[in-house]
Amino acid sequence: MCGDMTIRPAICRSMWMAGLLALLAVPAFSRELLQEVGHTIVPLEGKDLAQFVSSEVMKTEERQARSRGLVPEFLGHGTAYTTAVPDASAFACSNREIPPKAQKLFAAINSEQWDEGEHCGRCVKVWCQDSFCHNRFQPQILKVYDLCPECSYGDLDLSHEAYELVTGRWPHRLQIGWEFLSREECNEVFDHGTQGRRRIEIQVNQLAFMSADALHGICQTRAIVLSRILTRSPLLVLS
């Protein structure tokens, strides 16, 4: 329209100014949300923008999390397995024995941090710090049993159960923070039952040995007493 020289320049300027103001004003909310989740590479299609929390809320929650000692050792994106994995023994780590709890709460580590399987069986504490997450800064402990070749450094691919606990969402690609746990911390979470059974077995074996020793001692004592009785009995004294 403004290309038509018959229209007054003042009208054209007014139209351009109105269009510019509309462009700046209308998408302001969307631009703010995109800045808040700028760390993700997920297109926002299919997401309700109203479900993103504000940057002020995120900053407050992050400060509170850090005050609780929740400081990420690594940052990356959390994704979920495309299908349920019924048999974790088929994973890249090829573990022969997997604790029952870990059969649902497991993760695959990215190829850059795979380190030739060095981290197989290790525990990771994972939490979501994405403004689209329902469960923000609520850490969950998972076991590493697989490799995610397509994942970038810092990324983890989670089981469906683990992803739901970490994010409170249906699988997307959301930012997570995580850290490795020590072997002792890991065993307290996943191998507690196994260790308890082993302790019980040890105690039972100890009791069995003690019972055998006690029975042997009783038999020896009875044999000695019986021997003394027999040697002192007049019926056995030869005339």
Side-chain angles (χ1 to χ4, degrees), residues 24-82 101-102 104-113 119 122-146 148 150-190 192:
L24 292 174
V26 173
F29 179 66
S30 299
R31 282 203 314 279
E32 181 184 358
L33 289 172
L34 287 172
Q35 289 171 0
E36 291 174 10
V37 294
H39 46 257
T40 69
I41 60 173
V42 185
L44 297 181
E45 289 82 0
K47 294 182 179 179
D48 183 0
L49 299 184
Q51 296 188 42
F52 288 91
V53 298
S54 66
S55 57
E56 289 76 14
V57 171
M58 285 296 296
K59 290 177 182 177
T60 300
E61 292 182 350
E62 186 172 1
R63 283 196 300 268
Q64 293 172 347
R66 288 181 176 272
S67 67
R68 302 195 308 268
L70 209 60
V71 181
E73 183 179 2
F74 305 102
L75 286 173
H77 291 102
T79 52
Y81 278 73
T82 53
K101 185 177 180 181
K104 292 185 177 294
L105 299 179
F106 56 83
I109 196 168
N110 61 83
S111 55
E112 291 186 62
Q113 293 179 282
H119 301 302
R122 291 195 66 181
C123 283
V124 288
K125 181 189 288 186
V126 187
W127 61 91
C128 187
Q129 49 185 73
D130 194 296
S131 58
F132 191 66
C133 286
H134 282 316
N135 302 341
R136 296 179 298 277
F137 302 103
Q138 299 180 25
Q140 302 294 329
I141 298 177
L142 318 174
K143 269 209 167 191
V144 175
Y145 281 123
D146 203 5
C148 179
E150 66 274 16
C151 292
S152 302
Y153 185 91
D155 292 353
L156 294 176
D157 200 23
L158 314 180
S159 66
H160 275 264
E161 292 86 349
Y163 191 93
E164 185 176 353
L165 288 173
V166 170
T167 68
R169 288 286 191 183
W170 185 254
H172 290 84
R173 185 178 176 88
L174 303 174
Q175 187 180 33
I176 57 171
W178 59 280
E179 62 183 8
F180 284 113
L181 295 184
S182 67
R183 300 287 181 181
E184 292 75 17
E185 292 173 313
C186 187
N187 291 337
E188 282 296 320
V189 176
F190 286 101
H192 181 71

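Excluded from the calculations below are hydrogen atoms, water molecules and symmetry mates; all remaining heavy atoms, backbone and side chain alike, are included.
Without hydrogens or angle criteria, W127 side chain to N135 main chain gives no donor-acceptor distance under 3.5 Å. For the pair N110 (side chain) and D155 (backbone), a donor-acceptor distance under 3.5 Å is present. Looking at Q113, its side chain does come within 3.5 Å of a backbone N or O of G154 through a donor-acceptor pair.
Interatomic distance, S152 OG to E150 CD, rounded to the nearest 0.5 Å: 9.5 Å. Here NE2 of H134 is found 10.5 Å from CD of E164. Values are rounded to the nearest 0.5 Å.
What you find for K125 and P139 is that their closest heavy atoms are CG-CB, 3.5 Å. The two residues G78 and Y163 make their nearest non-hydrogen contact at O-CE1, 3.4 Å. What you find for L158 and A107 is that their closest heavy atoms are CD2-CB, 3.8 Å. The shortest non-hydrogen separation linking G177 to P72 is CA-CB, 3.9 Å. Scanning all heavy atoms of the two residues, the minimum distance from Q175 to D130 falls at N-OD2, 3.1 Å. Closest of all the heavy-atom pairs between L174 and C133 is CD1-SG, 3.5 Å.
Heavy-atom neighbours of E62 CD from other residues, nucleotides or ligands within 6.0 Å: above the threshold of 12.
The aromatic ring centroids of F106 and F190 lie 6.0 Å or more from each other.
Note: F132 and F52 have tilted aromatic rings, judged against thresholds of 30 and 60 degrees for the angle between ring planes.
Residues L156 and L142 are not in side-chain contact: their nearest non-hydrogen atoms beyond the backbone lie 4.5 Å or more apart. In this structure, K143 and C186 have side chains that are in contact, with non-hydrogen atoms separated by less than 4.5 Å.
The only member of L181, V144, I176 that meets side chain to side chain contact (heavy atoms under 4.5 Å, CB included) when paired with V124 is V144.
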